[in-house]
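The structure under discussion appears below in the form of C-alpha coordinates.
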Amino acid sequence: MASKNVEFKVGLLVMAAVVILVFAIYLARGFRYGQEFYSVSVMFPEVGALSSGDPVAVSGVNKGKVKAIALKDGAVAVLIDLTTDVILKEDASFVVKNIGLMGERFVAVNTGKSELRLDRSKKTWGRFDHGIPEVMGMMGGVISQMSDLVSLLEKTAISPTTLDKFSETVARMHSITGQLDASAHTNLPRIDSAISNFAEMSLNLKETVRRNQIHLDSGAARFDEASIRFNAILTDMAEASVRLNMFASDLE
(Lines give C-alpha, C1' and ligand atoms only; values in the text may rest on other atoms or scores of the structure.)
Protein backbone atom coordinates (compact mmCIF):
# COMPACT_ATOMS: atom_id res chain seq x y z
CA MET A 1 0.00 0.00 0.00
CA ALA A 2 2.84 2.30 0.90
CA SER A 3 4.52 1.63 -2.48
CA LYS A 4 1.35 2.59 -4.35
CA ASN A 5 1.18 5.86 -2.46
CA VAL A 6 4.77 6.58 -3.42
CA GLU A 7 4.09 5.82 -7.09
CA PHE A 8 1.00 8.00 -6.99
CA LYS A 9 2.96 10.89 -5.49
CA VAL A 10 5.74 10.46 -8.06
CA GLY A 11 3.18 10.47 -10.88
CA LEU A 12 1.58 13.65 -9.55
CA LEU A 13 5.01 15.26 -9.27
CA VAL A 14 5.88 14.36 -12.89
CA MET A 15 2.54 15.67 -14.16
CA ALA A 16 3.00 18.90 -12.21
CA ALA A 17 6.51 19.29 -13.68
CA VAL A 18 5.15 18.77 -17.21
CA VAL A 19 2.39 21.33 -16.64
CA ILE A 20 4.89 23.84 -15.23
CA LEU A 21 7.22 23.23 -18.19
CA VAL A 22 4.43 23.76 -20.74
CA PHE A 23 3.26 26.88 -18.93
CA ALA A 24 6.84 28.24 -18.82
CA ILE A 25 7.25 27.69 -22.56
CA TYR A 26 3.89 29.35 -23.13
CA LEU A 27 5.02 32.39 -21.13
CA ALA A 28 8.45 32.44 -22.80
CA ARG A 29 6.76 32.82 -26.17
CA GLY A 30 5.13 36.00 -24.94
CA PHE A 31 1.56 34.76 -24.52
CA ARG A 32 -0.60 35.42 -21.50
CA TYR A 33 -3.65 33.60 -20.28
CA GLY A 34 -6.87 35.20 -21.42
CA GLN A 35 -5.38 37.00 -24.46
CA GLU A 36 -7.52 37.16 -27.57
CA PHE A 37 -6.13 36.85 -31.10
CA TYR A 38 -7.20 37.46 -34.68
CA SER A 39 -5.70 35.98 -37.85
CA VAL A 40 -4.12 37.72 -40.84
CA SER A 41 -3.08 35.97 -44.07
CA VAL A 42 0.06 37.37 -45.73
CA MET A 43 1.66 36.27 -49.02
CA PHE A 44 5.45 36.00 -49.26
CA PRO A 45 7.67 35.16 -52.27
CA GLU A 46 9.58 32.81 -49.95
CA VAL A 47 9.91 32.28 -46.20
CA GLY A 48 13.21 30.43 -45.71
CA ALA A 49 13.18 28.34 -42.53
CA LEU A 50 10.02 29.95 -41.12
CA SER A 51 7.71 27.37 -39.52
CA SER A 52 4.48 27.18 -37.55
CA GLY A 53 4.84 28.47 -34.01
CA ASP A 54 7.57 31.01 -34.82
CA PRO A 55 7.06 34.40 -33.17
CA VAL A 56 5.49 37.48 -34.71
CA ALA A 57 6.97 40.76 -33.45
CA VAL A 58 5.31 44.18 -33.75
CA SER A 59 7.96 46.92 -33.56
CA GLY A 60 10.18 44.44 -31.70
CA VAL A 61 7.50 43.34 -29.20
CA ASN A 62 6.25 39.75 -29.32
CA LYS A 63 2.56 40.00 -30.24
CA GLY A 64 1.67 36.72 -31.89
CA LYS A 65 2.86 33.61 -33.67
CA VAL A 66 2.81 31.89 -37.04
CA LYS A 67 -0.26 29.70 -37.19
CA ALA A 68 0.07 27.96 -40.58
CA ILE A 69 2.17 28.00 -43.77
CA ALA A 70 1.00 26.78 -47.19
CA LEU A 71 1.93 27.12 -50.86
CA LYS A 72 -0.56 29.14 -52.90
CA ASP A 73 -0.39 30.37 -56.52
CA GLY A 74 3.40 30.08 -56.71
CA ALA A 75 3.93 31.96 -53.43
CA VAL A 76 3.78 31.15 -49.71
CA ALA A 77 0.65 31.99 -47.73
CA VAL A 78 1.45 32.56 -44.05
CA LEU A 79 -1.39 32.73 -41.53
CA ILE A 80 -0.35 34.69 -38.44
CA ASP A 81 -2.16 35.29 -35.15
CA LEU A 82 -1.95 38.75 -33.60
CA THR A 83 -3.26 40.01 -30.29
CA THR A 84 -6.36 42.19 -30.55
CA ASP A 85 -4.50 45.27 -29.25
CA VAL A 86 -2.49 45.35 -32.52
CA ILE A 87 -4.32 47.56 -35.04
CA LEU A 88 -3.06 47.15 -38.58
CA LYS A 89 -3.30 50.12 -40.94
CA GLU A 90 -3.64 50.12 -44.72
CA ASP A 91 0.13 50.68 -45.17
CA ALA A 92 1.19 47.96 -42.73
CA SER A 93 4.27 45.95 -43.70
CA PHE A 94 5.27 42.33 -43.04
CA VAL A 95 8.86 41.04 -43.30
CA VAL A 96 10.26 37.57 -42.67
CA LYS A 97 13.53 38.26 -40.84
CA ASN A 98 16.41 36.27 -39.40
CA ILE A 99 16.88 35.89 -35.63
CA GLY A 100 20.20 34.12 -35.19
CA LEU A 101 23.10 32.44 -36.95
CA MET A 102 21.28 29.11 -37.19
CA GLY A 103 18.57 30.40 -39.52
CA GLU A 104 15.76 30.94 -37.01
CA ARG A 105 13.02 33.13 -38.44
CA PHE A 106 10.26 35.44 -37.24
CA VAL A 107 7.74 37.77 -38.84
CA ALA A 108 8.36 41.48 -38.21
CA VAL A 109 5.24 43.63 -38.46
CA ASN A 110 4.99 47.40 -38.82
CA THR A 111 1.43 48.54 -38.16
CA GLY A 112 1.68 51.57 -40.51
CA LYS A 113 0.50 55.17 -40.15
CA SER A 114 -2.47 55.40 -42.53
CA GLU A 115 -5.85 56.59 -41.27
CA LEU A 116 -7.54 53.57 -42.88
CA ARG A 117 -7.40 50.09 -41.41
CA LEU A 118 -6.03 47.10 -43.29
CA ASP A 119 -8.67 45.26 -45.31
CA ARG A 120 -7.96 41.65 -44.35
CA SER A 121 -10.27 40.38 -47.10
CA LYS A 122 -7.76 41.58 -49.74
CA LYS A 123 -4.47 39.85 -50.56
CA THR A 124 -1.62 41.33 -48.52
CA TRP A 125 2.01 40.91 -49.60
CA GLY A 126 5.10 40.82 -47.43
CA ARG A 127 8.78 40.55 -48.27
CA PHE A 128 11.58 38.15 -47.40
CA ASP A 129 14.78 39.47 -45.82
CA HIS A 130 17.78 37.32 -46.73
CA GLY A 131 19.67 36.31 -43.61
CA ILE A 132 23.14 34.92 -42.96
CA PRO A 133 22.31 31.32 -44.07
CA GLU A 134 21.00 32.54 -47.44
CA VAL A 135 23.99 34.82 -47.90
CA MET A 136 26.35 31.94 -47.10
CA GLY A 137 24.50 29.79 -49.62
CA MET A 138 24.89 32.46 -52.31
CA MET A 139 28.59 32.80 -51.43
CA GLY A 140 29.07 29.18 -52.49
CA GLY A 141 27.80 30.01 -55.99
CA VAL A 142 29.97 33.14 -56.14
CA ILE A 143 33.07 31.18 -55.13
CA SER A 144 32.31 28.61 -57.83
CA GLN A 145 31.98 31.34 -60.46
CA MET A 146 35.24 32.96 -59.29
CA SER A 147 36.97 29.60 -59.62
CA ASP A 148 35.69 29.23 -63.19
CA LEU A 149 36.88 32.77 -63.97
CA VAL A 150 40.37 32.06 -62.61
CA SER A 151 40.56 28.87 -64.69
CA LEU A 152 39.54 30.81 -67.80
CA LEU A 153 42.18 33.47 -67.13
CA GLU A 154 44.84 30.81 -66.67
CA LYS A 155 43.94 29.39 -70.09
CA THR A 156 43.82 32.73 -71.92
CA ALA A 157 45.05 35.99 -70.41
CA ILE A 158 47.84 34.60 -68.21
CA SER A 159 48.82 31.58 -70.26
CA PRO A 160 52.57 31.23 -71.11
CA THR A 161 51.91 32.07 -74.79
CA THR A 162 49.98 35.21 -73.91
CA LEU A 163 52.63 36.31 -71.42
CA ASP A 164 55.34 35.85 -74.05
CA LYS A 165 53.39 37.96 -76.53
CA PHE A 166 52.81 40.60 -73.90
CA SER A 167 56.53 40.71 -73.07
CA GLU A 168 57.36 41.02 -76.77
CA THR A 169 54.85 43.86 -77.17
CA VAL A 170 56.33 45.69 -74.18
CA ALA A 171 59.83 45.31 -75.64
CA ARG A 172 58.68 46.72 -79.00
CA MET A 173 56.99 49.64 -77.29
CA HIS A 174 60.18 50.34 -75.38
CA SER A 175 62.17 50.28 -78.64
CA ILE A 176 59.70 52.60 -80.40
CA THR A 177 59.79 54.99 -77.45
CA GLY A 178 63.59 55.09 -77.61
CA GLN A 179 63.52 55.82 -81.36
CA LEU A 180 60.98 58.60 -80.88
CA ASP A 181 63.09 60.12 -78.12
CA ALA A 182 66.22 60.02 -80.30
CA SER A 183 64.34 61.52 -83.26
CA ALA A 184 62.99 64.31 -81.03
CA HIS A 185 66.49 65.18 -79.82
CA THR A 186 67.83 65.18 -83.40
CA ASN A 187 65.08 67.39 -84.84
CA LEU A 188 64.66 69.65 -81.83
CA PRO A 189 66.64 72.57 -83.39
CA ARG A 190 64.53 72.34 -86.57
CA ILE A 191 61.33 72.33 -84.55
CA ASP A 192 62.49 75.39 -82.60
CA SER A 193 63.42 77.15 -85.87
CA ALA A 194 60.03 76.35 -87.42
CA ILE A 195 58.24 77.71 -84.37
CA SER A 196 60.32 80.88 -84.47
CA ASN A 197 59.64 81.35 -88.20
CA PHE A 198 55.94 80.89 -87.66
CA ALA A 199 55.92 83.43 -84.83
CA GLU A 200 57.83 85.93 -86.98
CA MET A 201 55.47 85.39 -89.92
CA SER A 202 52.50 86.03 -87.64
CA LEU A 203 54.03 89.31 -86.45
CA ASN A 204 54.75 90.40 -90.06
CA LEU A 205 51.19 89.59 -91.10
CA LYS A 206 49.81 91.55 -88.17
CA GLU A 207 52.01 94.55 -89.04
CA THR A 208 50.94 94.39 -92.71
CA VAL A 209 47.30 94.36 -91.75
CA ARG A 210 47.84 97.34 -89.40
CA ARG A 211 49.59 99.39 -92.12
CA ASN A 212 46.95 98.67 -94.75
CA GLN A 213 43.98 99.11 -92.45
CA ILE A 214 42.99 102.37 -94.16
CA HIS A 215 43.14 100.79 -97.63
CA LEU A 216 41.18 97.78 -96.42
CA ASP A 217 38.49 100.02 -94.92
CA SER A 218 38.38 102.06 -98.16
CA GLY A 219 38.10 98.88 -100.24
CA ALA A 220 35.29 97.65 -98.02
CA ALA A 221 33.47 100.97 -98.43
CA ARG A 222 33.91 100.84 -102.20
CA PHE A 223 32.61 97.30 -102.23
CA ASP A 224 29.50 98.42 -100.32
CA GLU A 225 29.02 101.29 -102.80
CA ALA A 226 29.42 98.92 -105.75
CA SER A 227 26.88 96.59 -104.18
CA ILE A 228 24.37 99.46 -103.91
CA ARG A 229 24.95 100.43 -107.55
CA PHE A 230 24.58 96.83 -108.65
CA ASN A 231 21.27 96.58 -106.81
CA ALA A 232 20.10 99.78 -108.59
CA ILE A 233 21.09 98.28 -111.95
CA LEU A 234 19.13 95.13 -111.14
CA THR A 235 16.12 97.27 -110.26
CA ASP A 236 16.38 99.15 -113.57
CA MET A 237 16.70 95.91 -115.48
CA ALA A 238 13.56 94.61 -113.78
CA GLU A 239 11.64 97.76 -114.74
CA ALA A 240 12.93 97.48 -118.33
CA SER A 241 11.79 93.87 -118.42
CA VAL A 242 8.30 94.90 -117.32
CA ARG A 243 8.15 97.62 -119.95
CA LEU A 244 9.40 95.20 -122.61
CA ASN A 245 6.63 92.80 -121.71
CA MET A 246 4.07 95.60 -121.97
CA PHE A 247 5.46 96.64 -125.37
CA ALA A 248 5.24 93.02 -126.59
CA SER A 249 1.62 92.91 -125.46
CA ASP A 250 0.85 96.13 -127.33
CA LEU A 251 2.45 94.67 -130.51
CA GLU A 252 0.23 91.63 -130.28
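What's counted below: heavy atoms across the whole structure, side chains too, no hydrogens, waters or symmetry copies.
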Within the side chain of R127, is there an N or O that forms a donor-acceptor pair under 3.5 Å with the backbone of S93?
no
How would you list, by chain and number, every residue that makes a side chain to side chain contact (heavy atoms under 4.5 Å, CB included) with E239, sequence neighbours excluded?
T235, D236
Closest approach of A68 and S52, non-hydrogen atoms and distance?
CA-OG, 3.8 Å
What pairs with S51 under side chain to side chain donor-acceptor pair (under 3.5 Å), at least two apart in sequence or on another chain?
D54
Heavy-atom closest contact (V56 atom, N62 atom, distance):
O-OD1, 3.3 Å
In short, A92 meets T111 closest at the heavy-atom pair CB-O, 3.5 Å
Quick check: closest heavy atoms across Y38 and T83, and the distance to 0.1 Å?
CE2-O, 3.3 Å
Applying the 4.5 Å side-chain criterion to the ILVMFWY set and letting contacts propagate, would F44 and L118 be lumped into a single cluster?
yes
Other hydrophobic cluster members with W125, side-chain heavy atoms of Ile/Leu/Val/Met/Phe/Trp/Tyr under 4.5 Å, chained?
M43
With side chains defined as the heavy atoms from C-beta onward, is the minimum distance between L71 and V76 less than 4.5 Å?
yes
Only counting residues at least two apart or in another chain, list the ones meeting side chain to side chain donor-acceptor pair (under 3.5 Å) with S59.
none
Testing the basics here: between P45 and G126, what is the closest heavy-atom pair and its distance to 0.1 Å?
CD-O, 3.6 Å
Full working for side chain to side chain contact (heavy atoms under 4.5 Å, CB included) between L88 and F94:
CA-CA 11 Å; L88 297 176; F94 304 85; 3.8 Å; yes
Taking atom CG of L203 and atom CE of M201, what is their separation to the nearest 0.5 Å?
10.5 Å
Using the test side chain to side chain contact (heavy atoms under 4.5 Å, CB included), find all partners of T177 that sit at least two apart in sequence or belong to another chain.
none
Those residues that, when tested against S114, pass side chain to side chain donor-acceptor pair (under 3.5 Å) (two or more places apart):
none
Which atom pair, heavy atoms only, marks the closest approach of P55 to R105?
CD-O, 4.1 Å
Holding to side chain to side chain contact (heavy atoms under 4.5 Å, CB included), I want the full list of residues that pass it with I87, two or more places apart in sequence or in another chain.
K89, R117
Shared hydrophobic cluster for L82 and V95 (ILVMFWY, side-chain gaps under 4.5 Å)
no
Run through V78, I80, D81 and flag the one making a side-chain contact (heavy atoms from CB on, under 4.5 Å) with K67.
D81
I'd like to check the salt bridge (Lys or Arg N to Asp or Glu O under 4.0 Å) partners of D85; sequence neighbours left out, ordered by chain and number.
K63
Does atom CE of M246 have more than 12 heavy-atom neighbours from other groups under 6.0 Å away?
no
